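Bear in mind the structure is a predicted one, so any value in this text is a computation, not a measurement.
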Amino acid sequence: MKNEANRLSTVYNPAEVENKWYAVWEESGYFSEKNNKDGQPFCIVMPPPNVTGQLHMGHALDSTMQDILTRFRRMQGYRTLWLPGTDHAGIATQAKVEANIAKDGLHKDDLGREKFLEKVWEWKDQYHERITKQQRLLGSSCDWAQERFTLDEGCSEAVQEVFIRLYEKGLIYRGSYIINWCPKCQTTISDIEVEHEDHAGHLWYFQYPLQDGSGFIEIATTRPETMLGDVAVAVNPEDERYRDMIGKMLVLPIVGREIPVIADDYVDPSFGTGAVKITPAHDPNDFEIGLRHHLPQVVVIGKDAKMTAEAGKYAGMDRYVCREKIVAELDSLGLFHKKEEISHAVGTCYRCGSVIEPLVSPQWFVKMKPLAEPAMEAVKTGDIRFVPERFSKIYLGWLENIRDWCISRQLWWGHRIPVWYCDDCGELICQKDAPTVCPKCGSKQLHQDPDVLDTWFSSGLWPFSTLGWPQKTELLDAFYPTSVLVTGRDIIFFWVARMIFLGLEFMGKKPFDEVLIHGLVLDAQGRKMSKSLGNGIDPLEIIAQYGADSLRFMLITGNTPGNDLRFQEERLEAARNFTNKIWNASRFVLMNLEDYVPNQGSLQLTLADKWILQELKNTVQNVTDNLQKYELGEAARNLYDFTWDKFCDWYIELAKARLYKGTAEEKYTAQTVLANVLQQILQLLHPFMPFITEELWQHLPHEGETIMLSHWPQAQKMSSYAQEASDMGLIMDVIRSVRNIRSEMNVPPGKKAQILLCAEEAQQEVLKQGLLYIQILAQADKVQIANKESEAPSQSASAHQKGVDIFVPLKGLIDLEKESARLQKEIAAAEKELQKVSGKLQNAGFLAKAPAQVIEKEQGKQKEMQEKIAALSARLQILR
RNA sequence: GGAGGCAUAGCUCAGUUGGUUAGAGCGCUGCGUUCACAUCGCAGAGGUCUUGGGUUCGAAUCCCUAUGCCUCCACCA
C-alpha cells in the first residue's frame, strides 16, 4: 500500500480524478433507483434547465444542493431517484433561434412553421447535449435513464390531458380580454412575466371640451397617444367638482367623437385632476371600467406597437412618435395645459425589455380562483413546507391576489393548443387528436388553434408528468409525492405555485413535501450576475481550474438557506486548499498502512483514540442532523472543522509516536483508528465532494464497490467516550499553554523543553496518559508530574489550566519582564471572566430561576477562574 | 403604495429552539521547511454583535423603534 500512496502526488490534481469517476458511476448504474429497491423512497425532480444555452452558477448551486441531498439519502439506504430533465423554454428558445437565423438574413416566416421548428429541434439537441455534459462534470448523480424533456412524447401527452380536462371542467376558457402584449416577441405574456420598472416620464394635462359648450374637463395622462381610443372620461361619484358634469357629453379633441362623463369609484379624486380618460382597449383598468359601463373598445395601437387605421391621420405611426405629435396638436388647439415630471412604473417584457402594450385580444386563460384555494390550503396547513419558512408568506400573498392566467402564446415552439375550429360554423373542438369533421355541422374545413401554451404550463406538471402520468406507472406510485423541491426563490411564482395547484388538481396530492429555496449567486461585489453586466462566471472554467469538488464545497459553505451568496475567488481557494488537505491527510494515512491488515490484531485504544472517536461520533450526529434540516452550510462546516482541526492538526500528530516508535499492538491500533476515522470522513464528505472522496476511499481498506453506495455512518451505533474526550481536552489545554509560553518567550522550536505539571491525584492519572502527547506536541524531552505542593523551579514560565499548574523552566532564556507581562495579561482575562461569573452568581434572580445545570456550570467556572488567578498571582509575586 | 431580507473582526460571512471566554476563511503580526500537506504548521493581534427602548435571572439571538443597504410584489391615470 505504501507504493500506492507514493504514487499519489503531493498536490491534488482534480482533473485527473474527476474525469475517470463519473463514467464509472454512470456505467455501473449507481445512479439508478434500483440500487436500494427495498428502501423508503426519496425523490427529487430536477428543475429543468432551459435548453437556451448553458448552465450558469445558479444552476451549479441548485444541482449541488440536490446532489448532496440525493447522495446523502442514497447512502442512508433510501430508494433514491433524482430525475433530470430540460425545459423547452418557449419564448426564450424561439428568440434565440430567430436571432440565429437572422444572421443569415432569415425570418421565421421565410422558413414556415415546420422548417423553423426543425431548426429549433437542432438547437435543442445541441444545447441539451451541452447542459447534460455540464451536469456530469459537476458530479450530479441523477438517473439519466429517467431523463425527460418538457416537449417529449409523454410530457406532451400530459399537457394535452390536463388542458382538455381543465377545459371540460370550465377551468380553462377562451375570451377576449386585455392582455400583456410584447411588440418585440410578438406574443402575449402572463402577468408575472411583466416586469415593472420605474421610468422617468411625464404627466400631461389636457382639456376636453363639453359638447354643450359650457366649458371643459381637464384630464391627466402619461400616455397621450391613447387618447385617440378614449371612449369616456371618468370621475369619482363623490367628487363635488364634477358632480354636475356626470352624464354630460364631451367632444374628444382631434377625433371629434362624443364621449360621456361617467362616474366610477375607481377614480381617485386626489390624483391628477380627478378626471380620468378611459381607453378600454389599451389599459387594464380602463378595460374593467369599460366593461362595467358597457363602453366600446377602440383599438388605436396594433400588435406592432404602431397606430392603427382607427387612429386616422396617425395611422402607421410609432406609438412614441405619435405621443409627441398628439401633444403638439393638442397644444396647437389650445387644449394643452401643462406637463409634470413624474416617475411611474412601466411594464416591460422580462425577456426582451420592450415596453408592454396592453391589448384586447382573444386568448386562452386558466381560471385561477378555484385552483388557488387548495394550493394555499396545502401550505397553510403545513402539508407543504417551505424552507426557510418565510417564503410561504410570499407564496400565499401571491396566490391571494391571483388573476386568471393567460396561457396562449403566439409562438411556434411549444405545446400546440389541442383545439380545432370549424371554418363553417365556428364550432370549437377540444380533444387530443385532430378531428376529421365538425361534430356540429359535418364540415371538413377545420383548422387547429395556431397558438402554443405557456412554457410554465408544461413545467407545472413536471413532478407527475416525468413519473409517467397520465399512465399509471410503478415510478409514479412509488415516488409521488416527491420528497423535496430545490429551487431558486426567483421562480416561486412561475413554477413552484403552478406545480402545487396542478399537482393537487390532477393527482389529488401535493407534488412534494418540502420546498427548499436558495438565493442567487452574486458576483464578488454583490451584484446579480447578468449577461448585460458581463460579470457571469462559467462553472466549467472554475471546474477546469479548481475542480468540481472545490466549486461545490465553496457554493455550499458559509451559506444559509434562502440567502444570496457572493462568488469570491478567495473562498474558492479555501475550498481548494481543503481538498488538498484531505488529499494529503489520506496520503499520510496510506503511507502508514503499508503493513496493515484489517482485523488481524488486537486493539488497545488510548486516550487520543477515544477522543477522536468521540469527536467523530459528534460530527456524524451533527452532519446528519444538519443535512436532515437542510442546513447544508452548517454540515459542511462541521466536516471542515473536524477534518482539519481535529483529525489533521491533532489526531494525526498524536498518532505519529505510536506509528513510528510503538509496539506492534500500539501501531496496529493507531493504524486501525486512522483508517476507520478517515474512511468515515470520506463517507460524510462524499455528498459534498463526490470525486475526491471516491478516489481516496478506493485506496483505503473498504467494503463494496463504491463509496456512493456505502452505508452512511450512524452515530447511535458508535461507542461513547465522553469522559476520555474531556480528559483529552485537559491534555490539549496543557499543550496549548506550553506552546504559548514557548512562542511568547521566543524559545527556538528545536530546543527541547522540560515541563513540570503539578496537579491533584485524579488529574495526575489523566496527565500520565497524556505524557507522550505532551512530549511530542509541546516539544518537551522531559515531563514531570508532581503534587500540588511541589516547589516551582526557579526561572520558569508558568501557566494554569483547569487546576493544573504548568511550569516551563527556562534557565537563561526567561525574560522576567516579558513573563510578568504575560502573566498579568492572563490574570486580567481571568478576572474579567470571574467578574462576569460572580455577577451572575450573586444575582438572586439567576439562582432562583436559571436551570440547575446552568448554575452548576457557572459555579465550576467561578472556581476555575479563582484558582487560576490565585496560581498566576502567586507566580507573579515570586517573579517580583 | 404594500411585503420581505440584511446590518457581527480590516474584507466576505457563520452563529438553528435565549445561558459559548461570540467563531471561520481571507488579510495582518511573530516564529517555523525532523519525511502527509508552504494549497502547510505553531503562537498571536483584532469585535461596546448598526442606534434607542422593551421582555427576561440572563439578549448577537425574542419584541418595538430609528437609520442605512438590498430584493420582491403592486392596474393610481
Note to self: Both distances below 3.5 Å, Watson-Crick or wobble geometry, any strand: find the nucleotide opposite B/C69.
What the structure shows: B/G5
Check: Closer than 4.0 Å, any side-chain N/O of A/R390 to the OP1 or OP2 of B/G5?
Finding: no
Next item on the list: Identify, between A/Q801 and A/E195, the residue whose nearest nucleotide on RNA chain B lies closer to the 5' end.
Entry: A/Q801
Notebook entry, point to check: How is A/R403 classified with respect to the nucleic acid when contacts are heavy atoms under 4.0 Å: base, sugar-phosphate, or nothing?
Noted result: base
Check: Is any side-chain N or O of A/K661 closer than 4.0 Å to OP1 or OP2 of B/U34?
Finding: no
Check: Is the phosphate of B/A24, meaning OP1 or OP2, less than 4.0 Å from a side-chain N or O of A/R637?
Finding: no
Item checked: Atom-to-atom span, CD of A/E858 to P of B/G19 - whole angstrom -> 12 Å
Next item on the list: From the options A/F493, A/W495, A/F386, A/F494, select the one residue that forms a ring-ring contact (aromatic ring centres under 6.0 Å, His included) with A/Y395.
Entry: A/F386
Note to self: With no hydrogens and no angle check, just 3.5 Å: does a side-chain donor-acceptor pair link A/E288 and A/Y266?
What the structure shows: no
Note to self: What's A/K656 touching, base or sugar-phosphate or nothing? Going by heavy atoms closer than 4.0 Å.
What the structure shows: base
Note to self: Quick check on B/G41: is either OP1 or OP2 less than 4.0 Å from any side-chain nitrogen or oxygen of A/W644?
What the structure shows: yes
Check: If you look at every strand shown and take non-hydrogen atoms under 4.0 Å, does A/E634 touch a base, only sugar-phosphate, or nothing?
Finding: base
Margin query: Checking base pairs now: Watson-Crick or wobble, both atom distances under 3.5 Å. What partners B/C57?
Written below: B/G19
Margin query: In whole Å, measure the gap between the P atoms of B/U8 and B/U51 for me.
Written below: 10 Å
Check: B/U39 base to A/R576 side chain: any donor-acceptor pair below 3.5 Å?
Finding: yes
Margin query: Under 4.0 Å, heavy atoms only, any strand: does A/K629 hit a base, just the sugar-phosphate, or nothing?
Written below: base
Note to self: By the 4.0 Å heavy-atom rule, please label A/E864 as base, sugar-phosphate, or nothing.
What the structure shows: nothing
Check: Under 4.0 angstrom, heavy atoms only, what part of the nucleic acid is A/G397 near: base, sugar-phosphate, or nothing?
Finding: nothing
Notebook entry, point to check: Taking the side chain of A/K849 as heavy atoms from C-beta outward, which of B/U56, B/A43, B/G41 is closest to it?
Noted result: B/U56
Margin query: Closest approach to the side chain of A/E653, judged atom by atom: which nucleotide of B/A45, B/A43, B/A36 is it?
Written below: B/A36
Check: With a non-hydrogen cut-off below 4.0 angstrom, is A/A220 in contact with a base, only sugar-phosphate, or nothing?
Finding: base
Notebook entry, point to check: In whole Å, what is the span from the CD atom of A/E197 to the P atom of B/C72?
Noted result: 11 Å
Check: When the distance from CD1 of A/I776 to P of B/C42 is rounded to whole Å, what number comes out?
Finding: 15 Å
Checklist line | Per A/N577 side chain, nearest of listed nucleotides B/A43, B/U39, B/G19 | finding: B/U39
Notebook entry, point to check: Taking atom types as modelled, is there a side-chain donor on A/E218 or A/H337 under 3.5 Å from an acceptor on the other?
Noted result: yes
Notebook entry, point to check: Partner of B/A36 by Watson-Crick or G-U wobble geometry, both contacts under 3.5 Å, or none?
Noted result: none
Check: Donor-acceptor pair, A/N584 side chain versus A/R587 backbone, under 3.5 Å?
Finding: no
Next item on the list: Pick base, sugar-phosphate or nothing for A/D564, based on heavy-atom distances below 4.0 Å to the nucleic acid.
Entry: nothing
Check: How far does the C1' atom of B/A9 sit from the matching atom of B/G15, given to the nearest Å?
Finding: 14 Å
Checklist line | Rounded C1' spacing from B/G27 to B/A60 in Å | finding: 24 Å
Notebook entry, point to check: Relative to each other, are the rings of A/W644 and A/Y640 parallel, tilted or perpendicular (30° and 60° limits)?
Noted result: tilted
Margin query: I want to check one thing: is the phosphate of B/U39, taken as OP1 and OP2, less than 4.0 Å away from some side-chain N or O of A/K581?
Written below: no
Check: With a non-hydrogen cut-off below 4.0 angstrom, is A/F578 in contact with a base, only sugar-phosphate, or nothing?
Finding: nothing
Note to self: I want to check one thing: is the phosphate of B/A36, taken as OP1 and OP2, less than 4.0 Å away from some side-chain N or O of A/Y660?
What the structure shows: yes
Check: Using a cut-off of 4.0 Å on non-hydrogen atoms, how would the nucleic acid contact of A/P748 be classed: base, sugar-phosphate, or nothing?
Finding: nothing
Item checked: Straight-line distance of A/E197 CD to A/H199 NE2, nearest 0.5 Å -> 4.0 Å
Next item on the list: Mind calculating the distance between CZ (A/F647) and P (B/C37) to the nearest angstrom?
Entry: 15 Å
Notebook entry, point to check: So what does A/V267 touch, heavy atoms closer than 4.0 Å: a base, only the sugar-phosphate, or nothing?
Noted result: base
Next item on the list: Can you tell me, in whole Å, how much space there is between the C1' of B/G44 and that of B/U50?
Entry: 29 Å
Next item on the list: Answer with base, sugar-phosphate or nothing: what part of the nucleic acid does A/E288 contact at a heavy-atom distance below 4.0 Å?
Entry: nothing
Margin query: Closest-nucleotide mapping onto RNA chain B: is A/N401 or A/T560 further toward the 5' terminus? I mean the 5' end.
Written below: A/T560
Notebook entry, point to check: For the side chain of A/H196, counting heavy atoms from C-beta on, which of B/C72, B/A74, B/U71 is nearest?
Noted result: B/A74
Margin query: If we ignore hydrogens and angles and just use 3.5 Å, is the side chain of A/S190 paired with the main-chain N or O of A/C406 as donor and acceptor?
Written below: no
Next item on the list: Write down the partner of B/C42 under the Watson-Crick or G-U wobble criteria, each distance required to be under 3.5 Å.
Entry: B/G30
Checklist line | B/A66 to B/A3 separation - P atoms, rounded to the nearest Å | finding: 13 Å
Check: Quantified in whole Å, what is the C1' atom distance between nucleotide B/G25 and nucleotide B/C40?
Finding: 16 Å
Margin query: Can you tell me the base-pairing partner of B/U12? Count Watson-Crick or G-U wobble geometry only, both distances below 3.5 Å, and say none if there is no partner.
Written below: B/A24
Next item on the list: Using a strict 4.0 Å threshold on nitrogen-to-oxygen distance, state whether A/E833 and A/K861 make a salt bridge.
Entry: yes
Next item on the list: Give a yes-or-no answer on whether the side chains of A/K277 and A/T279 include a donor-acceptor pair shorter than 3.5 Å.
Entry: yes
Checklist line | For atom CG of A/L593 and atom C1' of B/A36, their distance in whole Å | finding: 13 Å
Notebook entry, point to check: Looking only at atom C1', what distance separates B/A22 and B/G58, rounded to whole Å?
Noted result: 16 Å
Margin query: I need the CG-P distance between A/D198 and B/C72, as an integer number of Å.
Written below: 12 Å
Checklist line | Distance, rounded to the nearest Å, where A/E569 contributes CD and B/U39 contributes P | finding: 16 Å
Next item on the list: Identify whether any heavy atom of A/W204 sits under 4.0 Å from a base atom; if not, whether one sits that close to sugar-phosphate; answer base, sugar-phosphate or nothing.
Entry: nothing
Check: How far does NZ of A/K656 sit from CG of A/L674, to the nearest 0.5 angstrom?
Finding: 10.5 Å
Check: How far does the C1' atom of B/G2 sit from the matching atom of B/A74, given to the nearest Å?
Finding: 7 Å
Next item on the list: Determine which nucleotide pairs with B/A77, using a 3.5 Å limit on both distances of a Watson-Crick or G-U wobble pair.
Entry: none
Checklist line | Between P of B/C73 and CH2 of A/W398, the distance in whole Å | finding: 11 Å
Next item on the list: Report yes if a side-chain nitrogen or oxygen of A/N563 is closer than 4.0 Å to either non-bridging phosphate oxygen (OP1 or OP2) of B/C6; otherwise report no.
Entry: no
Next item on the list: Looking at every strand, decide which applies to A/N843 at a 4.0 Å heavy-atom threshold: base, sugar-phosphate, or nothing.
Entry: sugar-phosphate
